[in-house]
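These notes are about the structure you will find just below.
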Amino acid sequence: MDVHLYLSMMPEALIASMLPPEEFGVYYAVGSAKKSRGQAMFFELNPGFRHEYFDVEEGIRRCVPHEDGSPKRSIYISVYRVLEHVSLEALQTLYLVTQDGRSLALQSSSEMPQETSGLHLYQEIAPVHPLVVSTLGPRQFYELIVKNPTSLLSLPAVCFVELRLDQLAQDPERGAVGDLPYSNITHLRQCLVDLRTKIVHTKMVNRVEPASFPYRTIKSGIFVGNQKRLTYFPMPSQNELRTHHYRWWRSANM
Amino acid sequence: METIWLVVGLISGLMSVGVAIWLYVWVNRQDEGSEEARKVAAWIRQGAISYLKKLYVALIMIAVVLALIIAIVFGISKGDSVYGLKMAAAFVTGAVFSAIAGYMGMTVAVSANVRSATAAERGLNPAFDVAFRAGSVMGLAMVGIAVVGMSIVYLLTREPEIVLGFSFGASTLALLAKAGGGIYTKTADIAADLVGKIEVGIPEDDPRNPAVIADNVGDNVGDVAGMGADIFDSYVASAVAVMLLGVSLSNEALQIKYTVFPLILCTLGIFASLIGLQLVRVGEDGKPGRALNSGTIITCALFAVMVVVLVLLGDYNLGVLWATLAGLVTGVVVGFTSDYFTGDDRPPVVETARVSSSGAAITIITGFSYGLVSIVPSVIGIVAATLISYYLTDASGLDGVYGVGISAVGMLAVSGMIVSSDAYGPIVDNARGIAEMAGMSQEVIDIADVLDAAGNTAKAITKGFAISAAALTVLALFAAFAGEMRAEGINLRLSLLDPLVIAGVFLGAMTPPLFSAMTMLSVTRNAFDMIEEVRGQFARNPGILAGTSEPDYETCVALAAQGALASLIGPAFLAVVLPLVIGFVMGPEALGAFLGGAIFTGIIFALLMANAGGLWDNAKKYIESGMFGGKGSDAHKASVVGDTVGDPFKDTAGPSLNTLITVMSLVSSLFAPVIAAFHLF
């Protein structure tokens, strides 16, 4: 049985497993008797990936079948400062897993999403988890917090997702909430208004926001960046998800 | 002439049953689809039939005991053992006929669900045709069997009192079917949702949920067998009440003519329904809800025309025409009023959804308040129909109370069409579930969604219709009860200054809330047991959630069935025994007051619970459609609480109250002569 390397974003971890991605998604989201379960997001890494920060070989050595012949589900190689030590070239497919274990595979794109007017909402997934509103588009946001920080705060690498604001992007005060399930919507509106009335590019909505946001709120896709580059995994349109990935879409919309 | 009409009625009933059988065969000839779909459908079918068998075994035991009591009591009180036996035989016939109608409706529903889903692969129209024709089996079988039963019993005995025994038999089954089905369906629904959706996070109708088959079975036993038996009960009871009023008309020359008149109305209703059903077609706009509504309106219009012709050519009193039309119009208006309070784009639902972002408490208060408001137009409709039919009939020279009964019959005469639309709902609901569980294409599921939405509206309309029809029926039964007492030399004078009357009113008013509590507590108790079972299955076997092991559906189906049937003892005892205790101990006037109290609170509670429950359900769906934050929002979480509270309101307690007050009224009327002879006070 092959050993796969997975870079989990929720939580941040490097894992070796004998399960192929979809089965790993089920195991990781649904859990086993240990009752660890929930929405998950992970990348499959190039099997040849190695880095001096991780003892990958030891992890692979320990990843052997159980006595009854069943595959080893997971060997945690590292759970600390993982993302910053993974080369973005090693990232292969990104899997978005629903809480009942259905996986959606996303491929990276060489093109960034088109810039849209209005305000933006970002959920940082790793290594920290704030919810942030910003006047900046995804690339500028990445550059602000990773590449060219203008404040004391910076990250060596980041994984974040842009969430939908719909009417709030243009009209934070009066725009309809519609299908946006964000809690404390009054505070979110105020943060967006502050972006317009104060001279700031970003404003934190919540310091630690659970990263298990509804997948339907993803606006354009998932971004992963480090000091060298920014990679973008575009999210299919809702219509495409409903048409071609119905079962995943239904589970994602619980 | 009246005998000819009875024969025509018998023939029309047989025709209706014949068409139902033809449709039954047609539905069963349709493609059953893939192996996976057939497998899922077989689980649902087995669960439904198994429950029905258990229900009928319980009914047989109760029917045998009650038939013996009836035979002995009426044999002794009338001094004629043959009369007692005839009454007992009519009682058993009523129960058996109602059971046959329910069995036909249920078996075709669990056969049509998979066929409708499979037909959806060819488009919306074929899927609609299968589901609606299957629903028509229930509608036509119900009215046909009812008219055949009443006609035969009356032709053989020529005594409306014996037909009352037939009605009591039908009502006993209805009480068990409606309350039992309601408890079953919500037990399974709540358990499936609370564990599957909320705790584990799997979608609706997901085959990994151990309670999913019980949930789908519940749709059939609650909405097909239960609602069918409920309307069968009201249909027969209203006709019998009017027959009893007809036989006690002050003008003896008119007695036979107006005793048979309700059966003639039922016959015309069958003809109108048979024609109306043929005209139900989904147009190019692809809106099945419009097709169902226009079918109902066309059937009502046809029926109205037939009644006008009958009254004019048959030299009937014009008062009965106005009474019939008043009942017919009221039924339609009240039905559509229910739709206003529960429709998913109507102000009450939108407002309840909007305030849900403030929390579950506000959702409950708002929905409950709109439920209370929803009582107003329905009660005004019932009051209007009562007053119009009473005074216009009275002014035309017949007893006014006869007109009130006729308005109930007028409302229920088109039940063939109404029940067909109602039974269509659970069939397409099941079809959608099967499409999901069998992994059918997204196009099929989209079509099933469209069909299902129309079914929900039809259900809401039928509930309002059934409650208002039951209200007029029990008013007629109340008058029949008073007539029976008068025939025994007791003129009821219900003075609120009489302590026995006051006591009777209070005890009667107490009964519907107590009955509601008993049925809803049964739901929570049984749901608790099933939740533990579902949680246990997920905990014991992680492969279920991973999709590598199949859940144990049968245990959940058995739990729901056992729980529902065991829970029926208390409510059934309350409905049958309490009126007799009141009558024999406190006397006829207290019993009359008891019925009055029960009728008033019964109608109020039934309307409140049916409409509030429907409103909470649709407020949740409105939010889920992408409003006020959509799924996962604070508003959605609050609306889920409202929906869960509303589930036993709208599908267990609310609709069962119709049957409760009908059964209590029938028991009182049936035993009136005995109570008149033997009472303590």
Side-chain angles (χ1 to χ4, degrees), chain A residues 19 22-40 70 73 97-103 163-164 166-168 176-186 188 210 212-217 238-254, chain B residues 193 195-209 353-354 356-359 432-433 435-446 448-449 535 538-549 622-640:
Chain A
L19 299 174
E22 279 76 14
E23 287 180 32
F24 181 74
V26 172
Y27 158 71
Y28 206 40
V30 169
S32 59
K34 293 172 190 163
K35 308 257 190 317
S36 61
R37 59 178 60 156
Q39 190 166 298
S70 60
R73 292 160 171 161
V97 188
T98 63
Q99 60 177 334
D100 65 337
R102 298 199 191 279
S103 293
L163 300 178
R164 287 166 43 214
D166 295 351
Q167 292 185 23
L168 301 186
V177 174
D179 195 22
L180 306 177
Y182 309 131
S183 56
N184 204 350
I185 201 80
T186 312
L188 175 61
S212 54
F213 52 87
Y215 288 130
R216 74 171 191 278
T217 57
Q238 291 197 359
N239 192 37
E240 193 181 339
L241 287 169
R242 193 168 151 60
T243 309
H244 299 301
H245 306 278
Y246 179 75
R247 303 226 159 262
W248 181 89
W249 179 240
R250 241 172 84 74
S251 290
N253 266 316
M254 281 296 297
Chain B
D193 282 359
V195 185
K197 277 193 196 171
I198 295 174
E199 289 183 14
V200 181
I202 53 179
E204 178 95 12
D205 290 327
D206 193 297
R208 292 171 294 177
N209 192 332
R354 188 184 71 81
S356 291
S357 53
S358 298
R432 197 200 178 289
E436 283 285 354
M437 287 185 270
M440 294 168 99
S441 73
Q442 185 240 324
E443 286 77 15
V444 169
I445 291 164
D446 283 349
D449 271 336
R535 280 180 183 154
F538 280 128
R540 288 190 299 272
N541 186 357
I544 293 175
L545 203 49
T548 53
S549 308
Y622 186 72
I623 292 171
E624 287 176 348
S625 73
M627 307 303 289
F628 306 119
K631 279 186 176 179
S633 62
D634 293 343
H636 184 239
K637 286 169 193 156
S639 72
V640 168

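Since this is a predicted model, take the numbers as computed values, not measurements.
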When only pairs under 4.5 Å are counted, which of [options] shares the most heavy-atom pairs with chain A?
{"options": "G439(B), S625(B), G547(B)", "value": "G439(B)"}
{"options": "V200(B), D206(B), I623(B), D446(B)", "value": "D446(B)"}
{"options": "G630(B), G201(B), G632(B)", "value": "G201(B)"}

So, using side chain to side chain contact (heavy atoms under 4.5 Å, CB included) as the criterion, who are the partners of S441(B) when residues are at least two apart? E443(B), V444(B)
Testing E204(B), E436(B), Q442(B) one by one against R250(A) for a side chain to side chain donor-acceptor pair (under 3.5 Å), which residue passes? E436(B)
Do you know which of T243(A), T98(A), V26(A) has the most heavy-atom pairs under 4.5 Å to chain B?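 Looking at each option in turn, the highest pair count goes to T243(A).
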Flag the one option from H244(A), Q39(A), R247(A) with the top tally of heavy-atom pairs under 4.5 Å to chain B. R247(A)
Minimum heavy-atom distance between V177(A) and F628(B), given as atom pair plus value: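 Closest approach of V177(A) to F628(B): CG1-C, 4.4 Å.
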Okay, R540(B) and chain A: the region with an atom under 4.5 Å from a heavy atom over there is neither
Residue part contacting chain A, namely of I198(B), when any heavy atom lies under 4.5 Å: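 It is neither, since no heavy atom gets under 4.5 Å.
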Set of residues satisfying side chain to side chain donor-acceptor pair (under 3.5 Å) with respect to Y215(A), sequence neighbours excluded: none
